[in-house]
Asks: 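Below is a structure I'd like to ask you about.
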2 protein chains.
Amino acid sequence: MLSQTEENYLKNLFNVGDGEKEVGTNELAAYLGVKPASVNDMLKKLKEKKLVDYEKYGKISLTEEGRRKAVEVVRKHRLWETFLYSTFDFTWDEVHEVAEQLEHIQSAKLVNKLDEFLNYPAYDPHGDVIPNAKGEMPAVHKKTLLEEVVGHHCTMVAVKDNSAPFLQYVSRLGLGINNKLTVVARHAYDGQMEIEVNKKVVTISPRFAQNIVIVCDDCGKK
Amino acid sequence: MLSQTEENYLKNLFNVGDGEKEVGTNELAAYLGVKPASVNDMLKKLKEKKLVDYEKYGKISLTEEGRRKAVEVVRKHRLWETFLYSTFDFTWDEVHEVAEQLEHIQSAKLVNKLDEFLNYPAYDPHGDVIPNAKGEMPAVHKKTLLEEVVGHHCTMVAVKDNSAPFLQYVSRLGLGINNKLTVVARHAYDGQMEIEVNKKVVTISPRFAQNIVIVCDDCGKK
DNA sequence: TTTTTTTGTTAGACAAATCTAACTTTTATT
DNA sequence: AATAAAAGTTAGATTTGTCTAACAAAAAAA
């Protein structure tokens, strides 16, 4: 079993590099809040355990197994964030710190129950994709509701404004993270938009729409 | 801030000794699953931090501050057990292991929200008292429902039988942990009891009553 | 009250994760 | 291409929590 520290290294390798970008010892050290020397030591250990591929002065990347473990931690982190946000009324910016701790709880049953309790959410309160139980994680393109095409269906994944008046208005309109929305119309005159949410159509201002982050459910479909 | 290890020592000192009984290095080591030498080292450290009172070859006890910290950990442990049991359908015997991990999560807000979400439960699924937010923990005498006096009010705190048929029957009758019950009658003929729960009166067998653990709300009142 | 057994303590070692400070390699700049 | 800067590495120290093995004290038994 992995230590919390090892899990954190894997998670950060995943979050920073994510298959694509290059990650260096310094950069990773900065993310983790430790010194480059410590990262170096740990990389040797993780290489030994076959969780990262890495040669002296060379590229750092996760192995298949390392990625699997990292995704599991990310899954737990994002499920807990969603739980804290939607069940315990934590705000958007409070969830991260506590989820950093909760992500290390070891219990497959707990994670499954959490997922079920939250009704298998697709996005966390930051609008990031929550990997499913199989570790699958569809790549998505986030945008603001303002940018969405009329007639398209989308899912609300986050807010950009965390002020009380905005959040109150959001919930007043029946909007919430992981809710399905449809853009019914956009008025050329003043940019007001009509949005269908929970079978009701509401009208919102462009300014409001700009603070709602969504992913398009119709975009990029085959 | 205390490490998880330190918290565990305090919690176990509290649980084993609980103000009354003597606790020795060996006994504590057995509870914690470590060697007596390790306990000795840690006791020195906790003494240094003024969390335990302890002299060489002498008695071990928690200081006021140490007890406070220990109770807080116990509170978290029991709230999490209750949560896992009542919200995530963990069984009575599954909750402990996961609560051992969750009890170390640091977030005052989380604990308060948990308490609120569970409606300020008084007992965990093992029938142990959950300390309140102030650290108060009324001493109670547990007994089985069979032993309860007719006319008395009591609170169900645990079950003694963990079999599916029993548990199904329990929930069928509308019984549950932290529910208030009143003993309406006991029939001399066969010992059948009538119990009021949620404003409904149900009849139960003595065998059934023997597997329900309660605390009497009327006993020991001034 | 001796002796034996149990309990408790110490010193020294070890593993995990970190650090500092010196050093090496790679990359960028002139 | 030579040199300066940045990035990466190593060795050795430190902290936390543990261990073993030897020893000391207290309690129980003879």
Side-chain angles (χ1 to χ4, degrees), chain A residues 1-17 20-62 66 69-70 73 100-101 103-106, chain B residues 1-17 20-62 66 69-70 73 100-101 103-106:
Chain A
M1 229 201 48
L2 298 176
S3 69
Q4 296 200 180
T5 312
E6 290 169 326
E7 286 193 343
N8 275 330
Y9 273 89
L10 294 178
K11 182 189 69 174
N12 279 279
L13 265 170
F14 181 83
N15 282 337
V16 178
E20 317 294 305
K21 213 178 47 176
E22 283 287 297
V23 196
T25 314
N26 278 329
E27 195 185 355
L28 195 51
Y31 269 87
L32 286 157
V34 297
K35 294 287 182 274
S38 310
V39 171
N40 209 278
D41 291 343
M42 182 55 88
L43 286 176
K44 284 180 192 165
K45 192 171 151 193
L46 292 173
K47 184 195 172 178
E48 196 58 40
K49 292 194 174 187
K50 301 205 193 302
L51 296 167
V52 303
D53 285 324
Y54 155 72
E55 295 302 331
K56 226 167 131 170
Y57 297 106
K59 315 285 161 67
I60 307 168
S61 63
L62 290 166
K69 302 266 193 195
V73 177
E100 285 285 299
Q101 302 176 60
E103 73 192 4
H104 300 294
I105 303 294
Q106 301 295 325
Chain B
M1 230 201 45
L2 298 177
S3 70
Q4 295 199 182
T5 312
E6 290 169 327
E7 286 194 345
N8 276 330
Y9 273 89
L10 294 178
K11 181 189 68 175
N12 279 280
L13 266 170
F14 181 83
N15 283 338
V16 178
E20 316 295 304
K21 213 180 46 177
E22 283 287 295
V23 196
T25 315
N26 279 332
E27 196 185 354
L28 195 51
Y31 269 89
L32 286 158
V34 297
K35 295 286 181 274
S38 309
V39 172
N40 209 277
D41 291 343
M42 182 57 87
L43 287 176
K44 285 180 191 164
K45 191 170 150 193
L46 292 173
K47 184 193 173 179
E48 194 58 40
K49 292 192 173 187
K50 301 204 192 305
L51 296 167
V52 303
D53 285 324
Y54 155 73
E55 293 303 328
K56 228 165 130 170
Y57 297 106
K59 316 286 163 66
I60 307 168
S61 62
L62 290 166
K69 302 266 192 194
V73 177
E100 285 285 300
Q101 301 177 59
E103 74 192 5
H104 301 295
I105 303 295
Q106 302 294 326

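Worth saying up front: this structure is predicted, and the values here are computed from it rather than measured. A note on names: the letters A, B, ... follow the listed sequences, proteins ahead of strands, and every chain is numbered from 1.
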Asks: From the list C:dT20, C:dT10, D:dT18, which nucleotide is the closest neighbour of the side chain of B:Met42?
Replies: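 Of C:dT20, C:dT10, D:dT18, D:dT18 is nearest to the side chain of B:Met42.
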Asks: Can you figure out which of D:dT18, C:dT26, C:dT18 approaches the side chain of B:Val34 most closely?
Replies: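 Selected nucleotide (nearest to the side chain): D:dT18.
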Asks: Which residue lies toward the 5' end of DNA chain D, B:Gln4 or A:Ala37, if each is placed at its nearest nucleotide?
Replies: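 Result of the comparison: A:Ala37.
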Asks: What does A:Thr5 touch in the nucleic acid at a heavy-atom separation under 4.0 angstrom: a base, only the sugar-phosphate, or nothing?
Replies: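 Result for A:Thr5 = sugar-phosphate.
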Asks: Just how far, in rounded Å, is C1' of D:dA26 from NZ of B:Lys59?
Replies: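 In whole Å, D:dA26 C1' and B:Lys59 NZ are 12 Å from each other.
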Asks: Nearest to the side chain of B:Tyr9, heavy atoms from C-beta on, is which of D:dT18, C:dT26, C:dT9?
Replies: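 That would be D:dT18.
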Asks: What's the CD-C1' distance between A:Glu7 and C:dA16, to the nearest Å?
Replies: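 The answer, rounded to whole Å, is 15 Å.
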Asks: What's the CD-C1' distance between A:Glu27 and D:dA6, to the nearest Å?
Replies: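 Between C1' of D:dA6 and CD of A:Glu27: 14 Å.
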Asks: Would you say that more than 12 heavy atoms from the other residues, nucleotides or ligands in this model lie under 6.0 Å from the NZ of A:Lys49, or not?
Replies: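 Counting other residues, nucleotides and ligands, NZ of A:Lys49 exceeds 12 neighbours.
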Asks: If you measure from the Lys or Arg side-chain nitrogens to the Asp or Glu carboxylate oxygens, is any gap between A:Lys11 and A:Glu6 under 4.0 Å?
Replies: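 Salt bridge: no.
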Asks: Can you check the A:Glu55 CD to C:dT26 P distance for me, whole Å?
Replies: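 Answer to the nearest Å: 13 Å.
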Asks: Determine: side-chain N/O of B:Thr25 to OP1/OP2 of C:dT7, distance under 4.0 Å, yes or no.
Replies: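 Checking B:Thr25 against C:dT7: no side-chain N or O falls below 4.0 Å of OP1 or OP2.
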Asks: Can you tell me the distance, in whole Å, between the CD atom of A:Glu6 and the C1' atom of C:dT18?
Replies: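 Atom CD in A:Glu6 sits about 14 Å away from atom C1' in C:dT18.
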Asks: For the residue pair A:Gln106 / A:Glu7, report whether a side-chain donor-acceptor contact shorter than 3.5 Å exists.
Replies: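 There is such a pair (donor and acceptor under 3.5 Å, judged by atom type) between the side chains of A:Glu7 and A:Gln106.
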Asks: Just checking B:Lys50: does its NZ atom have more than 12 heavy atoms from other residues, nucleotides or ligands closer to it than 6.0 angstrom?
Replies: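 Atom NZ in B:Lys50 is not packed in, count stays at 12 or less.
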Asks: Taking atom P of C:dT6 as reference, at what distance in whole Å does atom CG of B:Leu28 sit?
Replies: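 That distance rounds to 20 Å.
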Asks: Check this one for me: any side-chain N or O of B:Asn40 less than 4.0 Å away from OP1 or OP2 of C:dT9?
Replies: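 B:Asn40 to C:dT9 OP1/OP2: side-chain N or O found under 4.0 Å.
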Asks: Report the distance from atom CG of A:Leu2 to atom NE2 of A:His104, rounding to the nearest 0.5 Å.
Replies: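 Between atom CG of A:Leu2 and atom NE2 of A:His104 there are 10.5 Å.
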Asks: Is the phosphate of C:dT10, meaning OP1 or OP2, less than 4.0 Å from a side-chain N or O of B:Lys44?
Replies: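 Looking at the OP1 and OP2 atoms of C:dT10, one of them is under 4.0 Å from a side-chain N or O of B:Lys44.
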Asks: For the side chain of A:Asn26, starting at C-beta, report the closest nucleotide among D:dT18, D:dG8, C:dG8.
Replies: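 Selected nucleotide (nearest to the side chain): D:dG8.
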Asks: What is the distance from CG of A:Asp41 to P of D:dT10, rounded to the nearest Å?
Replies: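 In whole Å, D:dT10 P and A:Asp41 CG are 9 Å from each other.
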Asks: Please compare A:Lys35 and A:Tyr57 by the position of their nearest nucleotide in DNA chain C and report the one closer to 5'.
Replies: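 Taking each residue's closest nucleotide, the earlier one in sequence belongs to A:Lys35.
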Asks: May I ask you to evaluate whether A:Lys56 reaches the phosphate of D:dT10, defined as a side-chain N or O under 4.0 Å from OP1 or OP2?
Replies: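 So the side-chain polar atoms of A:Lys56 do come within 4.0 Å of the phosphate oxygens OP1 or OP2 of D:dT10, strictly under.
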